[in-house]
Amino acid sequence: MKRIVSGIKPTGSLTLGNYLGAIKQFVKLQQKMEDCEFFLFVADMHAITVRQNPAELRKRILDIAAMYIACGLDKEKTVLYLQSEIPQNVELGYILQSNVYMGELERMTQFKDKIAKQETSITSSLFTYPALMAADIILYDADYVPVGDDQKQHLELTRTIANRFNNYYGDFFTVPEPLIPEVGARIMDLQDPEKKMSKSDTANPKGFITLFDDSATIRRKINSAMTDSIGVIKFDPENQKGLANLLTIFASITDRDVLDIVNEYKDSNYKVFKEDLGNAIVEVLEPIQEKHKNLIKSQELQDILNKGRDIASDYAFKKMRKCKRKVGLGRK
Ligand code: AMP
Ligand code: TRP
């Protein structure tokens with residue numbers, strides 16, 4: 001059986017970008033790949049690479065866990081857990097830090113972007129983050145890792161690290177393949193379509209839609225999304241970046257073809273198009289929010305997380321015991 005592994009950091013509120021680039025893809029894969037096992041986690045250790053308010057962090061961790069299920073993941077088929085509840089993640093992360101070079105980490109664009117902004121002091125864990133991310137993946141011998149486009153580089157480094165380990169110590173870790181969606185892999189900011197929609201880096205809340213926004217807010221944000229003065233509905237990411245992003249969102253949320261949508265609206269105008277898009281998003285998010293509300297305080301969610309922790313832990317414990325033996329650590 002093949003295993004799929006992926007995670008989301010509990011920094012800021014989950015956005016429509018996370019939904020279309022990652023969560024929706026997990027749900028689709030789960031429906032499509034029946035013979036696959038899904039390990040999904042909340043990457044809470046990754047969140048503290050930048051300062052977090054403890055009470056808010058704890059709330060967001062559960063928010064994400066509940067959101068995975070509310071978005072349609074099958075709770076019977078998903079091993080859902082918190083990264084921080086499996087100590088072997090960090091243990092392997094350290095071993096992998098010892099198998100990745102400074103130069104490789106320095107080339108990571110996510111890290112370079114954060115440095116360029118220099119919002120706060122840069123922690124050493126932000127720098128070594130890709131080693132922990134690699135551990136999150138190869139500890140469980142993931143075959144596939146569904147992520148948005150922004151994580152492609154981290155996945156390539158994960159493959160490099162896994163191969164390096166295997167070459168030196170003998171075949172041990174599965175080398176994972178990234179799975180990046182064809183549409184929706186990079187949803188852009190609604191006010192600044194040059195940068196990706198992000199829950200942690202965006203100062204202007206009008207630039208992103210969170211999965212918790214109420215219907216009126218969603219419609220308002222779409223109506224005020226930046227477009228252009230060309231005024232014609234066509235898919236032209238070069239000259240009509242804002243509109244191309246809205247078309248991508250429309251296609252991705254309704255599972256339609258971009259060109260099919262262009263065709264439907266080619267004689268229409270931005271106002272009507274935006275109204276319909278707002279409605280399409282609300283239609284998808286409202287039932288998700290309702291499910292999330294019921295789950296968040298439930299014992300059911302706790303039970304799912306306990307079960308997930310136990311299954312992941314069992315695998316991690318055995319793999320790590322073997323890994324230390326391979327590396328020559330400990331007594332036997
Ligand atoms: P993060 O929020 O950085 O923890 O990302 C969690 C997942 O959501 C990863 O698979 C990202 O690639 C994906 N993701 C984040 N932002 C976007 C975006 N704007 N468009 C598409 N996918 C995204
Ligand atoms: N680094 C990812 C992000 O910022 C989140 C993440 C952490 C992840 N560990 C992972 C994604 C393992 C996939 C697999 O989006």
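The figures here come from the full heavy-atom set of this structure, side chains too, leaving out hydrogens, waters and symmetry mates. Just follow the structure's listing: the first ligand is 1, and inside any ligand the first atom is 1.
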Salt-bridge contact [X]-[Y] (side-chain N to carboxylate O under 4.0 Å):
{"X": "Asp141", "Y": "Lys319", "answer": "yes"}
{"X": "Lys28", "Y": "Asp255", "answer": "yes"}
{"X": "Lys2", "Y": "Glu37", "answer": "no"}
{"X": "Glu106", "Y": "Lys112", "answer": "no"}
{"X": "Asp303", "Y": "Lys307", "answer": "no"}
{"X": "Lys75", "Y": "Glu300", "answer": "yes"}

- For ligand 1, the portion of Met197 having any non-hydrogen atom under 4.0 Å away: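 Under 4.0 Å from ligand 1, Met197 contributes backbone and side-chain atoms.
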Near [X], which atoms of ligand 1 are under 4.0 Å from a heavy atom of that residue?
{"X": "Ile8", "value": "4 (O), 6 (C)"}
{"X": "Ala22", "value": "7 (C), 8 (O), 10 (O)"}
{"X": "Gln151", "value": "12 (O)"}
{"X": "Gly184", "value": "21 (C)"}
{"X": "Ala185", "value": "20 (N), 21 (C), 22 (N)"}

- Give me the ring orientation class for Phe273 and Tyr265: parallel if the planes are under 30° apart, tilted from 30 to 60°, perpendicular past 60°. perpendicular
- Please tell me if the side chains of Leu126 and Phe111 come closer than 4.5 Å, counting only heavy atoms from C-beta onward. yes
- Message: Please output the residues near ligand 2 using a strict heavy-atom distance under 4.0 Å, listed in chain and residue-number order.
- Response: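 These residues qualify: Ser6, Gly7, Lys9, Phe41, Ala43, His46, Gln110, Tyr129, Met133, Asp136, Ile137, Val145, Val147, Gln151.
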Would you say ligand 1 has an N or O under 3.5 Å from any N or O of [X]?
{"X": "Asp150", "value": "yes"}
{"X": "Met188", "value": "no"}
{"X": "Asn18", "value": "yes"}
{"X": "Pro146", "value": "no"}
{"X": "Lys9", "value": "yes"}

- Query: More than 12 foreign heavy atoms under 6.0 Å from NZ of Lys77: is that the case here?
  - Reply: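 Buried by this count: over 12 neighbours within 6.0 Å.
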- Message: With side-chain contact (heavy atoms from CB on, under 4.5 Å) as the criterion, how do Lys196 and Ile187 come out once you've worked through the C-alpha distance, each side chain's angles and the decisive distance to 0.1 Å?
- Response: CA-CA 6 Å; Lys196 77 162 185 171; Ile187 302 298; over 6 Å; no
- Any pair with a residue in residues 280-329 that passes ring-ring contact (aromatic ring centres under 6.0 Å, His included), sequence neighbours left out, goes on the list, sorted by first then second residue, please.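 Only Phe212-His292 qualify under ring-ring contact (aromatic ring centres under 6.0 Å, His included).
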- ligand 1 contact by Ala43, heavy-atom criterion under 4.0 angstrom: no
- Message: Check for me whether Arg3 meets the cation-pi criterion with Tyr144, that is, NZ or CZ under 6.0 Å from the six-membered ring centre and within 45 degrees of the ring axis.
- Response: no
- Task: Ignoring hydrogens, just give me the one of Gly17, Pro10, Ser6 whose non-hydrogen atom is nearest atom 23 (C) of ligand 1.
- Result: Gly17
